[in-house]
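Whatever order the structure lists them in is the order used to number ligands and atoms, beginning at 1. Computation of the quantities below employed the complete heavy-atom set of this structure, encompassing side-chain atoms and omitting hydrogens, waters and symmetry-equivalent molecules.
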Amino acid sequence: MKWFHEARFGIFVHWGLYSLLGRGEWVMHVERIPADEYAKLARKFNPKKFDADAWAALAKEAGARYMVLTTRHHDGFCLFDSSASDFTSVKSSAKRDFVAEYVEALRRAGLKIGFYYSLLDWRFPGYFDREAHPESAKALVEQAHAQVKELMTNYGKIDILWYDGGWVPGLTGEQIADFWRAKELNATVRKLQPHILINNRSGIPEDLDTPEQHVTASAPGRGWESCMTMGDSCGWGYVHNNPNFKTVPQLIQHLVTAAAGEGNYLLNVGPKPDGTIRKEEVERLRAIGRWLSVNCESIYGSERCPFGAGMLGLTTAKGNNAYLHVFRWPKQGELSIPGIKNKIKSATVLATGQHARIETGSNCRTFLKGLPKRPPDPYDTVVKLVLDGKPEAC
Ligand code: H79
């Protein structure tokens, strides 16, 4: 878990046949497109501009430390070579193993490597009705075992296995793990990839909780990672007209909220069918990267801080340092922070290097003065507090 806690920020990539339609990754199911009709998209999926090095370079520019790619989503189409299925990018018009290209590019860039894999596959009637189609249900589970083994065997060291689609109609809790034979599967995964982190979506908690579309911390000591879309929540895959892209400060606040709870933020992009990443996403990732280049020490390897930032934002910590994340810079440029027990040795604005004058009042009140009236950083001004020991609240 060490690298994972150091990382704090990853990029999720949803990309597959559905990208061609531009109505999100659920389009086949929601629009009830028959499997044979949907499969014809494989003939059109030939992304000439796909460049895994460009994806990796953008992730690095954003300050992310890892990526997670949909090696296969609920439609069953694989971006990798599989002996368990013909419905793959290798056996259709592209004739490329995109997972292999992705892995090689991430390794070159020094990024950690995550594989998203959907256990469910809408093409199997046995997924929807196990009793009517027992053979299909059995084949579905066998395919999942075979493909996870391929992914864990053919691409060298993999850092995260991100299951999804474990949900099975009518089953709950342990029944889900039993249906997928997840205990057996994950034991095999760990034998093949001893260092891997596995998420909690195969019916077994494993290493990581995965809040989706919200940032909510798990109990201290438990690994967690919030995944979110940049635009409307129904579209992880490319959505042609996506009118509600979050603003840069919203995205930065999500990242800081995750870091404040000792968790990670997995921010999604949905590349276009040609493999390029749209302007709206590129711009936002670059802006986050610019912010992180100045403020990274408050994020990477962050710890929980026992005191907050009052009305102004959130706090993170590391060792004897606390970081005030001021999202809402106050009118007179004087910060009022309640609840700090420590003696503060210095208070510095990371964006400008300016030192604040420190005054303390009764009731454990701290005032940071002499700062500008306008926010030094329009997104989140981080003030680093060097303390006399580990942060303590009063
Ligand atoms: O891969 C992404 C989603 O496709 C997947 N998990 C993330 C990481 C996911 N699987 N299930 N769900 C999300 C929740 C299901 C939401 C739905 Fe809908 C509500 C499916 C149908 C109605 C949202 C709205 C998606 C399509 C319409």
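Aromatic pair Trp26/Tyr18: centroids not less than 6.0 angstrom apart.
For Arg65 and Tyr300, the positive end sits near the middle of the six-membered ring, less than 6.0 Å away and at most 45° from its axis.
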Nitrogen or oxygen contacts under 3.5 Å, ligand 1 side and protein side:
residue	atom	partner	partner atom	Å
ligand 1	1 (O)	His14	NE2	2.6
ligand 1	1 (O)	His73	NE2	2.8
ligand 1	1 (O)	Tyr116	OH	3.3
ligand 1	1 (O)	Asp164	OD2	3.4
ligand 1	4 (O)	Glu25	OE2	2.5
ligand 1	4 (O)	Trp26	NE1	3.0
ligand 1	4 (O)	His73	NE2	3.2
ligand 1	6 (N)	Asp164	OD2	2.7
ligand 1	6 (N)	Glu212	OE1	3.2
ligand 1	6 (N)	Glu212	OE2	3.2
ligand 1	10 (N)	His74	NE2	3.4

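For Ala393, the side-chain contact (heavy atoms from CB on, under 4.5 Å) test picks out Pro306, Phe307, with sequence neighbours left out.
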Considering only distance and modelled atom types, tabulate donor-acceptor pairs under 3.5 Å from the side chains of residues 327-337, sequence neighbours left out.
residue	atom	partner	partner atom	Å
Arg328	NE	Met311	O	3.2
Arg328	NH2	Met311	O	3.3
Trp329	NE1	Pro372	O	2.9

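Summarising the hydrophobic clusters (Ile, Leu, Val, Met, Phe, Trp, Tyr; side-chain heavy atoms under 4.5 Å, direct or chained), the residues clustered with Trp162 are Met1, Trp3, Phe4, Phe12, Tyr66, Val68, Tyr116, Ile160, Leu197, Leu208, Trp236, Leu266.
Below 30°, between 30° and 60°, or above 60°: for Trp15 and Phe45 the angle between ring planes is between 30° and 60°, a tilted geometry.
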